[in-house]
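Report on the following structure.
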Amino acid sequence: MEREVVDVVVVGAGPAGVAAAITLAKSGKEVVVLERGDYPGSKNVFGGAIYTKPTAEIFPEFWKSAPVERYNVEHRFALLGDNDGTVVGYRNEEHAQEGHYNSFTVVRAKWDRWCAEQAEKAGAFIVPQTLVTELIKENGKVVGVKTEQEEFYARIVIVADGVNSLLAKDAGFHPELKPEAVALGVKEVIKLPKEKIQDRFNLEGDSGVIYTVIGGPMQNMLGLGFIYTNIDSVVVGLGVSLSEFQHKTIKPYELLNQFKEHPVIRPLIAGGELLEYSAHLIPEGGYNSMPPLYSDGVMIAGDAAMLVNNIHWEGTNLALMSGKYAAEAAIKALETDEFSANSLSVYQKKLEESFVMKDLKSYKDVMKFAEKNSNILMGYYPNKVNEFFNQFISVDGIPKKDKYRSFIGNALKERSIPKMIGDFIKFAKVGGGVLLK
Ligand SMILES: Cc1cc2nc3c(=O)[nH]c(=O)nc-3n(C[C@H](O)[C@H](O)[C@H](O)COP(=O)(O)OP(=O)(O)OC[C@H]3O[C@@H](n4cnc5c(N)ncnc54)[C@H](O)[C@@H]3O)c2cc1C
């Protein structure tokens, strides 16, 4: 019996897989998406924000019908000490207007499902509850996948199975993930009445705010905290390099509990009801840890390809774009009936020409720098900012001049001027790298 061969099999119905599927389906190609979850998004974890422009490239005007929570109008940055903190925010009212929306918070279980439905409407065939166990290779070329139940043959396979990609390992692209190349993200979703969220976060209508947090219980650790506002819940979490957890005795959920108890965070979520706790890995290694992106008959997209910009907490946009470009490369290959690595190299070229690879290249040295200097970046300097403000606002009978002298004296005791100049040069070098690459 002749075996059935479809144009493309996509593994994983996250942002990368679904973007690939809808792009292929819209151009009339046969596409089957295999997803292990009960439904797309059922188990997927993220912090909270999808970005309007790249998302609208795949789902035009999605905000009119998709299950979005809030449009974000403000981003706050919090530097936390043990019991104090400095918070600065950037708010832009334009981001509250259609045509200028920058990002939205979404709940993945609802959002991914909606996205998958759009792909189905375009003609993609999505098969949930199907765990892909390995790639099928013939003469070194990928020709399909094996699931727990059956085999699926395809002219091209797009691997979009997320960070701990079994299939990228199977294809020989990835060795085991290195602890320093991934962060462990833990988060809680806390239910609060909408009016409380409006008041506590200074919000109107369906506008929302994002927090990026440095320090607090994560002082000296390579990690960041985050807060996102949904309509009637708040997401609180953190992502810390897995290598930090290997070297420290603290457990991720203990760190999260301490984070929630910090005086800057606690009042924001007080009295809320815990709806959900989840944990997930985040690719953190960036450009330097990317596997090869294509081979004969196969391409790798999204987290499976380590495409995350962790400085900006951007992952879904890179996943969507990589899925789209992989699909476009597949469409070209299907039209010329040529599925070799050479033909699929178009995928890498498209990524190189886009913000995806340009950003990853710009930031390629930042993580290494942050890893080596986490004690000063996540400890010393944030603490000094807080100490400065404490001195600046305190009225305690001590003359201001004496206070500033004592502040400078203490700062220098902990870090000498040559060391600070050294820090500045290192910052400037990495910063220059970001601008020049
Ligand atoms: C705590 C945390 C916070 C984050 N916050 C943000 C944020 O605010 N904004 C942002 O843009 N990004 C954020 N990210 C990153 C973002 O979630 C990812 O970059 C994005 O989801 C990657 O999409 P993907 O499609 O590549 O992978 P995933 O979303 O992981 O999707 C992979 C899919 O493949 C399926 N799958 C896996 N293995 C198999 C298999 N063997 N067979 C069949 N199906 C399989 C999974 O069930 C899943 O549906 C965050 C991540 C974490 C962990």
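This is a predicted model, so every value here is computed, not measured. All ligand and atom numbering here is 1-based and tracks the order in the structure.
Of the heavy atoms in Leu34, only backbone atoms (N, CA, C, O) come closer than 4.0 Å to ligand 1. Residue-level proximity to ligand 1 for Thr316 is carried by backbone and side chain together, each with a heavy atom below 4.0 angstrom.
Contact between Gly237 and ligand 1 is absent, with no heavy atom of the residue lying under 4.0 Å from the ligand. The shortest separation from a heavy atom of Lys187 to ligand 1 is not under 4.0 Å, leaving the residue out of contact. The shortest separation from a heavy atom of Leu281 to ligand 1 is under 4.0 Å, placing the residue in contact. The shortest heavy-atom distance from Pro15 to ligand 1 is under 4.0 Å. Remark: distances from the non-hydrogen atoms of Gly239 to ligand 1 are all 4.0 Å or more. At least one heavy atom of Thr130 sits closer than 4.0 Å to an atom of ligand 1.
Interface atoms of ligand 1 facing Ile282, defined by a heavy-atom separation under 4.0 Å, are 2 (C), 51 (C), 52 (C), 53 (C). Atoms of ligand 1 lying under 4.0 Å from any heavy atom of Gly162, numbered from 1 in the order shown and given with element: 27 (O), 30 (O), 32 (C). In the vicinity of Ala16, heavy-atom distances shorter than 4.0 Å reach the ligand 1 atoms 25 (O), 26 (O). Remark: ligand 1 atoms within the under-4.0 Å shell around heavy atoms of Val308 are 19 (O). Atoms of ligand 1 found under 4.0 Å from any heavy atom of Leu131 (numbered from 1 in listed order, with element): 40 (C), 41 (N), 42 (N). Near Gly302, meaning under 4.0 Å from one of its heavy atoms, ligand 1 places the atoms 26 (O). Of all atoms in ligand 1, listed by their number and element, those nearer than 4.0 Å to a heavy atom of Ala160 are 32 (C), 33 (C), 34 (O).
Residue contacts with ligand 1: Gly41 is placed with no nitrogen or oxygen under 3.5 Å of a nitrogen or oxygen of the ligand (distance criterion only). Ligand 1 has no N or O atom lying under 3.5 Å from any N or O atom of His280, backbone or side chain. Residue Ala319 places no N or O, backbone or side chain, under 3.5 Å from any N or O of ligand 1. For ligand 1, the polar-atom distance check against Val132 finds a nitrogen or oxygen pair separated by under 3.5 Å. Taking any N or O of Val11, backbone or side chain, none lies under 3.5 Å from an N or O belonging to ligand 1. At a 3.5 angstrom cut-off on N or O pairs, Gly315 counts as close to ligand 1. Looking at ligand 1, you won't find any N or O of Asp112 less than 3.5 Å from one of its N or O atoms. At least one N or O atom of Arg108 sits closer than 3.5 Å to an N or O atom of ligand 1.
At the shortest separation from atom 48 (C) of ligand 1 among protein heavy atoms lies Asn44 OD1, 3.3 Å. Of the protein's non-hydrogen atoms, the one nearest atom 37 (C) of ligand 1 is Asp161 O, 3.1 Å. Counting only heavy atoms of the protein, atom 34 (O) of ligand 1 lies nearest to Gly12 CA, 3.2 Å. Here the protein heavy atom with the shortest distance to atom 31 (O) of ligand 1 is Gly14 CA, 3.4 Å. In terms of protein heavy atoms, atom 47 (O) of ligand 1 is closest to Glu35 OE2, 2.6 Å. Atom 45 (C) of ligand 1 has as its closest protein heavy atom Arg36 CG, 3.7 Å. Shortest contact from atom 5 (N) of ligand 1 to any protein heavy atom: Gly47 N, 2.8 Å. When hydrogens are left out, the protein atom nearest atom 14 (N) of ligand 1 is Phe46 CB, 3.9 Å; that is the closest non-hydrogen contact.
With ring centers used as reference points, Phe62 lies under 6.0 Å from Phe104. Ring centers of Phe59 and Trp114: under 6.0 Å apart, within the cut-off. With ring centers used as reference points, Phe46 lies 6.0 Å or more from His280. For Tyr71 and Tyr101, the ring centers sit closer than 6.0 Å to each other.
Taken to the nearest 0.5 Å, the CG atom of Asp232 stands 13.0 Å off from the CD1 atom of Ile190.
A side-chain donor-acceptor contact under 3.5 Å links Glu314 and Asn317. Checking Tyr363 against His312 by side-chain atom types alone, a donor-acceptor pair falls below 3.5 Å. No side-chain N or O of Glu57 forms a donor-acceptor pair with one of Thr55 less than 3.5 Å apart. There is a side-chain donor-acceptor pair under 3.5 Å between Lys169 and Asn164. A donor-acceptor contact under 3.5 angstrom links the side chains of Asn72 and Ser103, judged on distance only. Looking only at atom types and distance, the side chain of Arg113 has no donor-acceptor partner in the side chain of Tyr39 under 3.5 Å away. Between the side chains of Asp82 and Gln219, a donor-acceptor pair is found at a separation under 3.5 Å.
No side-chain donor-acceptor contact under 3.5 Å links Ser233 to the backbone of Val189. The closest donor-acceptor contact from the side chain of Asn386 to the backbone of Thr86 lies under 3.5 Å. Side chain of Glu188 to main chain of Leu275: no donor-acceptor pair is present (N/O by atom type, distance under 3.5 Å, no hydrogens or angles).
Here atom 20 (C) of ligand 1 lies nearest to Asp303 when heavy atoms of Asn310, Ile300, Leu184, Asp303 are compared.
Annotation: salt bridge (charged side-chain N to carboxylate O under 4.0 Å, His left out) contacts of Lys29 (sequence neighbours excluded): Glu335. Under the rule for a salt bridge (charged side-chain N to carboxylate O under 4.0 Å, His left out), Lys121 has no partner lying at least two apart in sequence or in another chain.
Applying side chain to side chain contact (heavy atoms under 4.5 Å, CB included) to Trp313 and the options Leu224, Val308, Ile210 leaves one that passes, Leu224.
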